[in-house]
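A quick write-up on the structure given underneath.
What's counted below: heavy atoms across the whole structure, side chains too, no hydrogens, waters or symmetry copies.
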Amino acid sequence: MLWSKLFIPTLRENPAEAEVVSHQLLLRGGYIRQLGAGIYNYLFLANRSMLKIIGIVREEMNAIGAQEMLLPALNPAEVWQESGRWDLMGDNMFRLKDRFGRPLCLGMTHEEVMTSIARGELRSYKQLPQIWYQIQTKFRDEPRPKSGLLRVRQFIMKDSYSFDLDAQGLDASYEKHRAAYCRIFDRCGLEYITVEADSGAMGGSASQEFMVRSQAGEDYVVACKETGYAANLEKAVSRPAPPPAADPEGDLDPEEFHTPNRKTIEEVADFTGLPRTSQMKSLVMVADGKGVLALLRGDHQLSETKFAAALKAQEVRPAHPEEMREWLGADAGSLGPVGVKSLRIVADLALTGRKNMICGANRDDYHLRNVTPDEDFQAEYFDLRQVADGDTEIETGAPLQIHKSVEIGHIFKLGYKYSHSMGLNVLNHDGVETPVIMGSYGIGIERILSAAIELYADKNGISMPVSIAPFEVVVTPVKIGDAALRRAAEEIYGKLQALGVDVLLDDRDESPGVKFKDADLIGIPYRVTVGKKLAQGNVEIAERRSGAVREVQVAEAPGWLAEKIHAAKK
RNA sequence: CGGGGCGUAGCGCAGCCUGGUAGCGCACCUGCCUUGGGCGCAGGGGGUCGGGCGUUCAAAUCGCCCCGCCCCGACCA
């Protein structure tokens, strides 16, 4: 294609509203334009990249025997009411009414619709397994869209669903997806890791996320370089760093002391001159309507996910100040477990074996010292704590790192949730009605694009992997008015096309600087510069990612590039 | 939904405090010039100053209300 005929509105300056790198560069590179909060126009370049991503996804899905469908984005309320998610999804679901007042919604995901197809048609175990997928627009009324295409209200997702007769079948479908996802992300040129994830309200048994490390990400991943352990922070486990100060020796009794206006762990640590680890953090929580006292080491954070899982609670929240006062007789900042009878007490495992610690006295402005778990109060122990910097791998003690990541894919075993709620059964060998076991698997198309940009961007702009770049090569005649340069450029361009290379000819009447800057900005992997070297019969090939430049003869350039490009796409 | 910020030409911003002619850079158009890293010179076009109501002789500027966008938090199969 000829650049002079295309709409590639690049910008010299960063638009003020863009904060994260991928957002800035997508706008500057002329890939996207914003229409509203969390709603974007995908212009020519973004669309080209996304079509390539979709092509890879489609090939790999088809390769595991998945069948592509296209389901409606507009859904009647009924199917969602059947599964119970009409209410569960709350404000995250876009809802509307038709002219007769009938309730509809825009699909956030398609378990219900897929299940509704399956239950009408699947009757025998002989029809199983099935894997069905679609690549389709999803709608979510995000409370806070942000970070360009990373968190939006309308986005394209590849979602697939597996239907199996039994758990072994589900395991096989799940494994097929895991392998296919690895091939997809490899082919898209991403560096990623898979992590164990929380199954959340979906009620599944196993779940993995595919994560790309990035400052722009919103998820935290805990990973160990040495052992390969990796988990979502919500689920990660670790050995805590040992407390820097030993507990006081002796079988001491709790003793109240005055701590005027010292409420936070930090303030009490300063006041006592002891590290935060010498304190017990007491958090009053409400789990499914009942008050619970959660105890942690002073420097640790409660993981609400683990807390909810430990208590098998659906809904968890911090208690209101009035509730704390009612249950414990003091305000937050002076609370502790000693003498508490009215609340269930759960403690993090990091408190086992500790003694003579400091905690609130349940009397405003007073704390207790010499409080020993299991002696001065009784608690149930669970892993409740969020992994923190400085923690080590739970089995080997190897160091752990925590970093921000973007979730680009998620696979999980759904189990029978939808089969049960929506009545999806088949007859088994013995002619007995058996519920079908399901899996659900998603990939965010825009997130692959954004993650690739985040991963490889440099000071000059985007640096796309060959497989998903909007063009693979740009041919740049330095001076378009020069007939010889133009002829050579057109010749290379034509040959590249013939070799199946996705090539762009920058035939604009612009200064070389402008063309080079634009080519770098939009991230085309290879640039052929047709300029002064032509006098010797040569052109230059510049590799965007490495900056490496090589001089080759005009006749050799297309073949050399085609080889590189085909190798990169394998 | 809580906290903060912003809204003036396509983009980036100044002007607002202290009311009176709407301005700068980039981009765009025309001509000349230039052609290896966002080139130079000259001329030019483009604005309901987010919207409404109010105060005033007079509002981009002051007041009230609303809308939109961004950031932090809450939330996030």
Between [N] atom [atom2] and [X] atom [atom1], what is the distance in whole Å?
X	N	atom1	atom2	result
A/Asp91	B/rA74	CG	P	18 Å
A/Phe516	B/rU35	CZ	P	14 Å
A/Ile480	B/rU35	CD1	P	15 Å

Have a look at [X] and say if it touches a base, only the backbone sugar-phosphate, or nothing, with a 4.0 Å heavy-atom cut-off.
X	result
A/Asn14	sugar-phosphate
A/Arg527	base
A/Asp518	base
A/Lys533	base
A/Gly481	nothing

Is any side-chain N or O of [X] under 3.5 Å from a base N or O of [N], one able to act as donor and the other as acceptor?
X	N	value
A/Glu13	B/rG25	yes
A/Arg28	B/rG38	yes
A/Arg12	B/rG25	no
A/Arg140	B/rA77	yes

Between [X] and [Y], does at least one N-O distance fall below 4.0 Å, as a salt bridge requires?
X	Y	result
A/Asp141	A/Arg95	no
A/Lys5	A/Asp507	no
A/Lys146	A/Glu218	yes

Once rounded to the nearest 0.5 Å, what's the spacing between atom CE of A/Met324 and atom CG of A/Leu293?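 Those atoms lie 10.0 Å apart.
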If I pick the [atom1] atom on [M] and the same atom on [N], what distance separates them, to the nearest angstrom?
N	M	atom1	value
B/rU8	B/rA14	C1'	10 Å
B/rU48	B/rG2	C1'	34 Å
B/rC66	B/rG73	P	27 Å
B/rC24	B/rG46	C1'	15 Å
B/rU61	B/rU56	P	16 Å
B/rC62	B/rU21	P	15 Å
B/rG25	B/rG63	C1'	34 Å
B/rC75	B/rC6	P	28 Å

Looking at [Y], does the NZ or CZ of [X] lie under 6.0 angstrom from its six-membered ring centre and within 45 degrees of the ring axis?
X	Y	answer
A/Arg140	A/Phe155	no
A/Arg544	A/Tyr526	no
A/Arg48	A/Phe471	yes

Would you please confirm or rule out a distance under 4.0 Å between OP1 or OP2 of [N] and any side-chain N or O of [X]?
X	N	value
A/Arg144	B/rC72	yes
A/Gln34	B/rG68	no
A/Lys146	B/rC72	yes

Between [options], which nucleotide has the shortest distance from any of its atoms to the side chain of [X]?
X	options	answer
A/Val478	B/rG36, B/rA77, B/rG38	B/rG36
A/Glu17	B/rG38, B/rG37, B/rG12	B/rG12
A/Glu19	B/rU35, B/rC71, B/rG12	B/rC71
A/Val514	B/rG38, B/rG36, B/rA77	B/rG38

Taking for A/Val20 and for A/Gly442 the nucleotide of RNA chain B with the nearest heavy atom, the one nearer the 5' end belongs to A/Val20
